[in-house]
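For reference, the structure discussed in these notes is given below.
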Amino acid sequence: MSNLKPLNRFQMAWRAAQDIQDGMLVNLGLGIPVLASDYLPAGRDVFIQSENGIIGAGPEAAADSADPDLVDAGSRRVTLRAGASIVNSADSFAMIRGGHIDVTILGCFEVAENGDMANWDSRVPDKGPLVGGAMDLAACARSVWVIMEHNTRGGGARLLRRCTLPLTAVSCVDRIYTDIAVLSVGASGFVVHEILDGMERDALQARTGAPIAFAPDCQPLVAPPIEVPG
Amino acid sequence: MSNLKPLNRFQMAWRAAQDIQDGMLVNLGLGIPVLASDYLPAGRDVFIQSENGIIGAGPEAAADSADPDLVDAGSRRVTLRAGASIVNSADSFAMIRGGHIDVTILGCFEVAENGDMANWDSRVPDKGPLVGGAMDLAACARSVWVIMEHNTRGGGARLLRRCTLPLTAVSCVDRIYTDIAVLSVGASGFVVHEILDGMERDALQARTGAPIAFAPDCQPLVAPPIEVPG
Amino acid sequence: MAIDKRVASAAEALGGVADGAVVLLSGFGGAGFANVLVRALAEMPLRDLTLVVNSATHPLSQTHLLIERGMVRKVVCSAARGRGKELSVFEQLFKQGRIELECLPQGTLAEKIRAGGAGIPAFYTPVGFGTDLTKGRETRTYNGREHVLEEAITGDLALIRADRADRYGNLTFRFTQQNFGPSMATAAKLAVAEVRVAEDTPIAQPEVQLPGVYVDRFLVVD
Amino acid sequence: MAIDKRVASAAEALGGVADGAVVLLSGFGGAGFANVLVRALAEMPLRDLTLVVNSATHPLSQTHLLIERGMVRKVVCSAARGRGKELSVFEQLFKQGRIELECLPQGTLAEKIRAGGAGIPAFYTPVGFGTDLTKGRETRTYNGREHVLEEAITGDLALIRADRADRYGNLTFRFTQQNFGPSMATAAKLAVAEVRVAEDTPIAQPEVQLPGVYVDRFLVVD
């Protein structure tokens, strides 16, 4: 058991990226989710939406061609893909709130078994709030996927009966990609679709703060080796 | 008295046009109001807004250069002035409803002494309704001016204590340009600012369906001769 | 697979439209009517449509085809008056009680459609307060003024007219051709455009007037 | 007199701004901050400002100048967290109870401003329902889902950044520079833009991204 190697953050992004379907409009949150755009399966024609108004964001710009007026939601200087367009913030959030985003993939602190999500306020003393577009995306994207470590650094559960941190949106999460499992949130709570190759089901349950069910076709979770840059 | 010649519809448009100030954004209704753009005093730089999204409509296009994709609220094929831009209908009415139109000049059936206006439904049997942008303009332009004959063809009053026809908007009319007078609507009702040159005040009152007051600086209403095209 | 929203025929453009559909039709004053698609829709064996359209009677629109063929149960519009003294097709049916009508201020119509595409289920507006068109509507005072509550409009199908399209469905419009088209596309489950030209290369970013993500299919028409 | 909205100095651009003003500041992620105008505003002897701005702490914005000089009573934003562990100027003042904060979901912020310019005093949105940010807010069910009622934001002054302007105040923006600028201009009594270039001839109609009727003054910077 001690040999089991959880996915690193690039592998988690890779795993989520495999589920992005051809032709989707996808919004990727800061942190791990934004890495997913690097791992789309070949041949999938996907538009990445950025909350500040880009429809069709491309990879981060090379230093010598970076344009300070072309930035994404994470303030990164980015490029545009073929067919990209840009709208203002009111129109960008009209797109988000109007249910036109097929999938948003967001970083997260906690998910409850009813799909409640907490990803914007980790209660760091004295630090100001930063909600950005998280509530809009979590409440209104057609599908909400979360990428996060299965447990906190201290070993606490992030998949819970009820969230302990302030909510981002209620009953919104559809799928969860962690370093040791892929789960969905169904009417009866968490359902495991993939479990880290070699991990015992009891071990996964022990690391989860709510009951988990296993899908009939539950598979081992495997990802290709991707090095985390030093 | 029988020699008194009321203003024709071009002269009424001329008279209203004299009150359009430099730099204004103006929306002109169908019929007589749209004629006002031809009579702006020299040197007034005015933008004409058309409810279908033109900001800076110019005169009607010549037959040989008319473009079917460039039309105004009256379906006329028009031109654009220097500095014109075009927005979609949602944005055009955001502009109207948001109070960004300095003046709208509208045709009208009836105005009440509290400023209520009726200009969209004359109760023609079996004909369908046509409200268009009238309610938006009447309710939301910063200033609402009306051009209409002082009386109906049958001699009935159009300036009334209360409107008899279905309302367009409540308490909205600021000024009224008729063929025999220029009036404003104040807290106490109709105030006459100009009366047809030579007309007795009692005669004007007799043709008006509500009490009228006369402004201290009430002037004679005079317009240059403008022929009505045969 | 590389995205390509161009379709080869009106039949393909309108595939999947069903009885009872709420259909949003763009166009104002002769500009922006998707008349090729409307004519094709009129050839389909559909019933009980609800049309959302600025005018039910504009002579340059083909909307009347849908109405006179008895395909339309209800019209939501700001204008339903035929020109001249003769009754239009709509007016005749309306007089006979064979078609329903919801007449709205044009800006309220435009905003309800915009709201439908923008995830806003309802909003307050000062327009129409105290008039027959908002009788019985819920009201509330803001800034010392009465407002009425209006609900969003969404549709099953939007038929819009544009000038140019690229394979991604990005659209440009000529002059006042846009009118209701862009917001109707955002408010409909299926948005179909007819365009003059399909561009071989993507439309440059600042020229895109409606992002292709709102357009499901487009047809090139003469 | 021919319209010409260009002004010669920041002082002229900001003439008439008073204590207690509600100031809307555009910009997101480094693009679209009107930093020249914000710096000039920070030199004025103003107090009790309310700032409406997406981020109170973005390192590429000069918003912090207004905050650290004690000119700001309240900030309405979607982000007020400084980077790193050190507290930002805003966070220090907030900890000390010397500045008020209204934190909103970014899309709600954007829509409230758009509503302010569009004559919509209030609207329902599903965003934020069930969260701390909408506690005590009026709610209503539409389409089987709970929504919260949000009111419009309007301002006394908007400071926005654009790329090009013509004498009529028509503006174009580079890439993501537009963000909050266009709607802020519509929602403010006085809208002032800083631009890179003043065009000698009018900007062609399809290129105009914000009609000049929404812009009161513009200043060419650099």
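We name chains A, B, ... by the order of the sequence lines, and we start the count at 1 in each one. Everything numeric here is computed off the predicted structure, so don't read it as measured data. For the numbers below, each heavy atom of this structure counts, side chains included, while hydrogens, waters and symmetry mates do not.
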How about [X] and [Y]: do any of their side-chain heavy atoms sit closer than 4.5 Å?
X	Y	result
C/Q106	B/F93	yes
B/K127	C/S88	no
B/N88	C/F180	no
C/R174	B/D67	yes

Looking only at heavy atoms, which of [range] get nearer than 4.5 Å to chain C?
range	result
residues 146-168 of chain B	B/P166, B/L167, B/T168
residues 77-87 of chain B	B/L80, B/I86, B/V87
residues 35-53 of chain B	B/E51, B/N52

Considering the options C/R81, C/K95, C/K85, which one meets the salt bridge (charged side-chain N to carboxylate O under 4.0 Å, His left out) requirement together with B/D126?
->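 Filter result, single survivor: C/K95.
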If I take atom [atom1] from residue [X] and atom [atom2] from residue [Y], how far apart are they, to the nearest 0.5 angstrom?
X	Y	atom1	atom2	answer
B/D72	C/T176	CG	OG1	8.5 Å
C/N179	B/S92	CG	OG	10.0 Å
B/M135	C/S78	CE	OG	10.5 Å
B/W120	C/T131	CH2	OG1	7.0 Å
B/S75	C/L60	OG	CG	7.0 Å
C/F175	B/L70	CZ	CG	5.5 Å

Part of [X] within contact of chain B (heavy atom distance under 4.5 Å):
X	value
C/I113	neither
C/F129	both
C/T108	both
C/E86	backbone
C/R161	neither

At a heavy-atom distance under 4.5 Å, which candidate from [options] has the highest pair count against chain B?
options	answer
C/E146, C/R145, C/Q209	C/R145
C/S183, C/G128, C/G82	C/G82
C/P105, C/C77, C/G181	C/P105
C/G107, C/A79, C/A110, C/G130	C/G107

Is it the backbone or the side chain of B/P68 that comes under 4.5 Å from a heavy atom of chain C, or both, or neither?
->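 Just the backbone, heavy atoms under 4.5 Å.
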Chain C contact via B/A90 - side chain, backbone, both or neither, heavy atoms under 4.5 Å |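 Both backbone and side chain.
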Any donor-acceptor N/O pair, C/E91 side chain to B/G128 backbone, under 3.5 Å |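 Yes, C/E91 side chain to B/G128 backbone: donor-acceptor pair under 3.5 Å.
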All N/O donor-acceptor pairs, side-chain side in residues 115-126 of chain C, below 3.5 Å, sequence neighbours left out:
| residue | atom | partner | partner atom | Å |
| --- | --- | --- | --- | --- |
| C/Y124 | OH | C/R140 | NE | 3.3 |
| C/T125 | OG1 | C/V127 | N | 3.1 |

Among B/A139, B/G133, B/G132, B/A169, which residue forms the greatest number of heavy-atom pairs with chain C at distances under 4.5 Å?
->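 Heavy-atom pairs under 4.5 Å are most numerous for B/G132.
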For the candidates B/V170, B/D69, B/I96, which exhibits the highest count of non-hydrogen atom pairs separated by less than 4.5 Å from chain C?
->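 Highest number of heavy-atom pairs under 4.5 Å: B/D69.
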Would you mind checking if B/D91 and C/R114 are paired as a salt bridge, meaning a charged N to carboxylate O distance below 4.0 Å?
->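 Salt bridge absent between C/R114 and B/D91.
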B/E227, CD: over 12 other non-hydrogen atoms inside 6.0 angstrom =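 No, the 6.0 Å shell around CD holds no more than 12 heavy atoms from other groups.
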